[in-house]
Visitor: 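This structure is in structure tokens; I'll ask about it shortly.
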Amino acid sequence: MTNEMSALEAEMEQTRERLANTIDQLVYRAHPKTIVNRQVADIKAHFVDVETGQPRTDNILKVVGGVVGTIVVLAVIRKIVN
């Protein structure tokens, strides 16, 4: 009976440790700074190849094209309205 109790106590302690580690990971992942850093890294990875450090010109050109297109559309609308 004592061996069963000590085995059960050891299993409970291991479960507590795993739960504490899981909670620590969740707290870290949910921290606002961690979320911001993760999002910044995702955006950087979209414009710069993580492995080589080279800019991804295709993605950069898409964004620039979208911005220029939006400016042109707004200028045309403004000219029509005035």
Side-chain angles (χ1 to χ4, degrees):
M1 182 81 117
T2 306
N3 285 339
E4 289 178 24
M5 286 297 276
S6 61
L8 183 59
E9 288 173 350
E11 185 178 335
M12 287 173 60
E13 184 59 32
Q14 290 173 352
T15 302
R16 272 192 217 108
E17 288 291 324
R18 283 194 308 269
L19 182 58
N21 287 336
T22 302
I23 290 171
D24 289 344
Q25 288 176 2
L26 289 173
V27 167
Y28 172 75
R29 286 182 175 183
H31 193 273
K33 275 192 173 182
T34 304
I35 294 170
V36 167
N37 289 339
R38 194 169 49 238
Q39 293 301 319
V40 167
D42 288 346
I43 291 170
K44 283 182 181 178
H46 186 73
F47 294 108
V48 177
D49 189 334
V50 177
E51 294 175 8
T52 63
Q54 296 295 316
R56 296 182 181 206
T57 53
D58 56 333
N59 290 343
I60 293 169
L61 291 175
K62 288 176 192 175
V63 171
V64 169
V67 170
V68 169
T70 302
I71 291 171
V72 168
V73 167
L74 291 174
V76 168
I77 291 173
R78 188 173 181 188
K79 191 170 189 173
I80 290 172
V81 171
N82 290 334

Visitor: Give the table of side-chain donor-acceptor pairs shorter than 3.5 Å for residues 35-50, with sequence neighbours excluded, one pair per line with atom names and distance.
Guide:
{"from": "Asn37", "atom 1": "ND2", "to": "Lys33", "atom 2": "O", "distance (Å)": "3.3"}
{"from": "Asp49", "atom 1": "OD1", "to": "Glu51", "atom 2": "N", "distance (Å)": "3.0"}

Visitor: Using side chain to side chain contact (heavy atoms under 4.5 Å, CB included) as the criterion, list what pairs up with Val72, not counting sequence neighbours.
Guide: Val68, Val76
Visitor: Who else is in Ile77's hydrophobic cluster (ILVMFWY, side-chain heavy atoms under 4.5 Å, direct or via others)?
Guide: Val73, Val81
Visitor: Can you list everything that forms a side chain to side chain contact (heavy atoms under 4.5 Å, CB included) with Ile23? Sequence neighbours excluded, please.
Guide: Leu19, Val27
Visitor: Output every pair passing salt bridge (Lys or Arg N to Asp or Glu O under 4.0 Å) with a member in residues 14-30, not counting sequence neighbours, ordered by first then second residue.
Guide: Glu13-Arg16
Visitor: Roughly how far, to the nearest 0.5 Å, is CZ of Arg78 from CG of Leu74?
Guide: 9.5 Å
